[in-house]
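Below, chains carry the letters A, B, ... as their sequence lines are ordered, and counting in each starts from 1. As the structure is a prediction and not an experimental result, all values here were calculated from the model.
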Amino acid sequence: MTAMLEVKDLKVAYGKILAVKKISFSVDEGQVVTLIGTNGAGKTTTLRTISGLIRPASGEILFQGKRIDATAAHEIVIMGLAHCPEGRKIFPKMTVEENLLLGAFTRSDSGVRADLDASYDLFPVLGERRSQPAGTFSGGEQQMLAMGRAMMSRPKLLMLDEPSMGLSPLMMKKIMQTVKTLQSQGTTILLVEQNAQAALKLADKGYVLEVGKIVLEGTGKDLLVNDAVRKAYLGED
Amino acid sequence: MIRIPNIPESVVVKHGPKAWPLGLAGAGLLIIGSLLSWSFDPQVLGDLSISFNPGALQIMAIAQSVLAIILLLADKGPLTSFGEWADTALALRALATWALLFMALVLVAITVEAGGLVNIEPGGWISFLGAVLVFASSRLVLPRETRDLGHARLPDWSEILVIVILMAAILFGTAFALGLTDAWEFVLFLMVVTGVLITGVRAGLLTWLGHVTTRHKRVLMLAAFAVAFLFPFTQNGSDANMSIASQVLIFAAAAMGLNIVVGLAGLLDLGYIAFLGAGAYVGATMSTSAFATIGWKPPFIVVMLVGGCVSATLGLIIGAPTLRVSGDYLAIVTLGFGEIFRLTMFNLDGNNGPNLTHGPNGVPAIPDLTFGSFNFGDTHTLLGIPLARFSNYYFLLLLLIAFIILVFSRLNNSRIGRGWVAIREDEKAAEAMGVNVFGLKILAFVVGAFLAGLAGTIKAHQDVSVTPDQYIFLESAFLLAAIVLGGMGTVAGVLIGAVILKLLPEKLRFFADYRLLLFGLLLVLMMRFRPEGLVASRRRQLEFHEEDEELAVRVEGDIAEVVI
Amino acid sequence: MGIFDQQNLDTFVQQLVNGLTLGSLYALIAVGYTVVYGILQLINFAHGEIFMIGAFGALSTSLVLFRGQTALWVLPFMIIGAIIASVGTAVLMERFAYRPLRHAPRLAPLITAIGISVFLQELVRLNYNHVPFTSWNPFNLPDAKSRIPFPQIDVVTGPAFQIGGVTIQRSAIFTIGALLMCAALLWYFINRTKTGRGMQAVSQDADTARLMGINVDRIIVVAFAHGAVLAGIAGVAQGLQNNNIDFRMGFLAGLKAFTAAVLGGIGNIQGAVVGGLVLGVAEGMATQYIPGQFGGSPWKDVWAFVLLILVLVFRPQGLLGAKAVDRA
Amino acid sequence: MTVTAEAVGAKAPTGVPLLQAEGVIMRFGGLTAVNNVTMSVSEGEIVGLIGPNGAGKTTFFNCLTGMYKPTEGHVRLSGVELPPKPRAVVKAGMARTFQNIRLFANMTALENVMVGRYCRTSSGAFTSIVHGPKFRREEAETRERAQELLDFVGLGTSTDHLARNMPYGNQRRLEIARALATDPKLILLDEPTAGMNPLETRQASDLIFKIRDSGLAVVVIEHDMRFIFNLCDRVLCLVRGETLVEGTPDEVQSDPRVIEAYIGTGTDDDDEAGDTP
């Protein structure tokens, strides 16, 4: 199996201070891979670098075998890599439908309409409120919209940044179930989470980040029972 | 910055040992050449045609070669102990590059001014050759490990001596520069100063000086004032330069007042010149000029206070919208107020409203100030040196500036100053922590306006007449530029900015036409490459480089130092 | 004598027409402020200069290519010349002055804008009629240090129409017509094209727009260019109306247009049009109807600035803007 | 779980009402963010505020602290009606922290806390310029108190560090110290442990107990159930701007309405079951 996304020796700096210190990991096709770690560990920075919003200081990022570390963000989207950012970042003044259509900005094929309906099937809430401004939605609904919007570009790889942030435990479960659904429909997923428990449970592979370095890696199941992880990230003694 | 490709390492290693004698020889040639005649034509660039009687430019060349010799001796020879601290190799490279440029430009200048290469005498060529040799040698000198000069400490007395020498150099440098009447000479002098400054930066000396001056702040202030006070005595009674100097001081006073608003409180005021104008109009209309429209003629000190208060009241009015408006919008509001002020002064001519200002003609023939029997218009002699009209205003303005600096720095280092920083950083959070945001903003406007009003009343007498077209938007932009150029929130920065912006155009008449064009370009380039200004307040520097974490770590100690 | 007698009515309608003409001009320029602000939250203070350069572009086209001919067919070429000059300047300005400051604190671009504004004015003043640093003037262009007569086009600047007691200048019809056409085209572009939707997305959240595959740099250039097209056309309109142009014309017009943009709710394109018209009419009416010493044309700019300040203070979201909802 | 109220020797709430918010309603246009919420906090009490995102918790905080003027309702501190001005609220004795840390990034830790003293000092421009006796006294006091507070929250050695250079957890502590500098009777903490790992979270609850023990009442917004139920004397659950349930941690935890609307059914281990849309 070839890696869909491969990150090699990635370093990212703000000024001259490294936020990400030489990390390497890979995401295989069809997998859910998760990066966990506390605030400031460099998870979001990593995702923003992969999607081209930040330029790396050094290292390589390969997507389907092609280097993308110098590619502009909008071109990376066209290549099939979608990024659902931290904090949802929906367009608040636009309606649900307009938001979703922006997700398909790079496409000019005729399948957009069908994909729109597919989004409404996946998230019926969105279908019911398709002409309402997205800014009036609750956090959970906004998260659904953000995920639906990211899927509109028909990505091969979807990166989700903290989808459970600020959500009730109930809503969080719904979101995690959706992640599984998306995987079963054939999307590869790179999931960044602070909620280690939920993330590791559905991950095929997990990496633990601490202040810019990968300190542990393994399958989701292995990490869930790893002593260090249990102490530091699951809050167990 | 000029970048010259490095010489391949093999060459450096092979010829490295030759660098030292080569450099000394070059510096020697440069000196010898400078003692000879450079030009056949005695009319150009001062007089460079007489051997063994060096003109200004030749003295500059000699000074540069002496500096080069010192650096070479520090690299190898009797001064090596100094060389352990300073990065002499990098410094020599910078110096040599600028010296070569200097000599080249001198030859160009002679050629252009005297009309042809034939006008260059052998001395000129010898000096040029010397500069080339020094340059070549500097490329071959290898950098070596140095200790961190930034943390070097000398005994207090010698550090204070350094400050005094520095100030003396500034005094004589300024007097020397102002004495240069030829634009070429002036530009070349600026080149030498730039070269020496860059040499200092490369050697790490400037950083060290920065630390020394923060360690001895009071000494620095005293020395600076002593220098400023002594300046008129270097002018031999000539009032031409003093006229420029007092213009610079007025400008600096206003800029410093604006710096309270912009630099400390972080409010962009694009109509600040109106405060200076309000003071000036008060000074004019309450003067004994035949065109003054207000009958009350109190002593000048009262007029000054009235001017300050009228300005402060305007500041209160202009500051009031800060309750609801902030950021760019506030800048536009202040711009609007500035224009309203100018148009109103323009219109209050008796036809369109009451006659207060004589409209576009303004108030002319404002008499000189008198304090008792001391008339500012007369020439007074002190220590055998005659001090004419502008010197008198200069001293008065110096007092005013001292007062403004006191207000500025005391406010900055108080609860109020902390409040201002907090507002700049995060207005909402400041409010939520109990900081009186609106009150502090208003205070900044009022204090800034008051100080400008004081300066304005003096300006009216110094300029003899007051007209609305002295208070256009462009003047506000100039004041702002002085702050931006010099450095927001610092006293030294604003003074430097004011000097540069007012002095250069006066001395460089030949570019008078391109003055504004270059000014516009300068603003754009500053914002692009050094938005925090030449002498940046540490904190302001951080604010302009939000993403530079390394800088934040580096200056952390400095900010703590300022607090205590 | 009633308030509605014929003469009063004529005066009123006359001022209304004058105001609408002036307002159309403001609106054309205001759109440039609003489009750029909407996307970058940047007050492009130098936009007034883009307008000025548009006028000079038209003038140059006419003088260089058509030797000042007055036939109507020259007008489209003049407009194209104006647009090339203004768009070129705007795009260069964005690329070299503003783009490097994308993440700088807000003070930096504002000061840059002032710098550009001064620079462009001086560039035109000093170098319009010759190649810089020489006295070579191949096309025999006039000196820009004082006012320059603007070429007149027969059909557009001929004798005014007289309808009852109301005089309507032909150039006024050109200005109002230009506004109507530009506004319609712009509306279509923003709301009906893909790039237009991209523009809306960038204005709400540039980083996220990137993640949608939108080329943000391109969108920003497009925004600057759009503003510049309208400003260029406004430059032509101003020249036709006043019969002359000068290098200072951008400052006041720019400031007024900015007022108009704020009046309508900055960032909102319909708002800029409405704001421009309202400001123009208000100015016309103030000249006519504010009584006493403080009325009349010497004070009209003062009243415009007073209006600007009142709007910024009391309704910064503008006439059409809704107050932003700050959700927790 | 090692840290409990008993473990740090908590005092029982005294029952004297300190903060009383009655019928607070906050509408934005057509949107009702907070609908008729009533809450009272007694001296020495720790009250938790939970609820899903968008339930109006932070908006409610903003109403309490005067950042918003509630559409309807009253907020009283020690029986005195609070005006909707953040500054007046701070002066009256209620301070807060922010959900997304809002420190003065380019100021040092000490300076940040010193800003918090602003409302308890009164040196004006004049005495500051002439360095009058009042100025000297207040400056010295401010500095001393600020250092004390840094020691109190455990940042005694970070005095001269820039806020932006401090680690995330310390920034949260610094924000608390800054709020404490205003001498509040009541402190409102908006998600004080967001983004912290379990160890840091435990340290945060220790600090909050310590604050309570020094005589302050505390209101906390949090998502971390374990944290909140361990910490609080009383918990309010807000859903869609309304109070769903109010009670002791045990009552709220087991309330079926809370489980349905917020916590969700089942244990942590089910993710096969459920209503995949």
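Scanning both residues, C/Thr112 and B/Val524, for their nearest heavy atoms gives O-CG2, 3.8 Å. The minimum heavy-atom distance between B/Pro321 and C/Val313, with the atom names listed, is CB-CG2, 3.5 Å. The minimum heavy-atom distance between C/Phe119 and B/Leu521, with the atom names listed, is CE1-CD1, 3.7 Å. Summarising the geometry of C/Leu110 relative to B/Ala331, their closest heavy-atom pair is CD2-CB, 3.8 Å, with the distance given to 0.1 Å. Of all heavy-atom pairs between C/Ile114 and B/Ala477, the closest is CG2-CB, 3.9 Å.
Ring geometry for C/Phe258 against B/Tyr329 counts as perpendicular: the plane angle is over 60°, on a 0 to 90° scale with 30° as the lower cut.
Top candidate by heavy-atom pairs under 4.5 Å with chain B, chosen from C/Leu308, C/Ile111, C/Val302, is C/Ile111. Taking B/Leu270, B/Thr344, B/Ile332, B/Leu335 one by one and counting their heavy-atom pairs under 4.5 Å with chain C, the maximum is reached by B/Ile332. Note: C/Ala108 leads C/Ala113, C/Ala108, C/Pro109, C/Ala104 in heavy-atom pairs under 4.5 Å with chain B.
With a threshold of 4.5 angstrom between heavy atoms, B/Val484 approaches chain C through side-chain atoms but not through N, CA, C or O. For B/Met526, no part lies under 4.5 angstrom from a heavy atom of chain C. With a threshold of 4.5 angstrom between heavy atoms, B/Leu474 approaches chain C through side-chain atoms but not through N, CA, C or O. Contacts between B/Leu517 and chain C at a heavy-atom distance below 4.5 Å involve backbone atoms as well as side-chain atoms. When heavy atoms are compared at a cutoff of 4.5 Å, B/Phe337 approaches chain C by way of both its backbone and its side chain.
Looking only at side-chain heavy atoms (C-beta outward), C/Tyr98 and B/Met527 stay at 4.5 Å or farther from each other.
Within 6.0 Å of atom CH2 in C/Trp303, 12 or fewer heavy atoms from other residues, nucleotides or ligands are found, so the atom counts as exposed in its surroundings.
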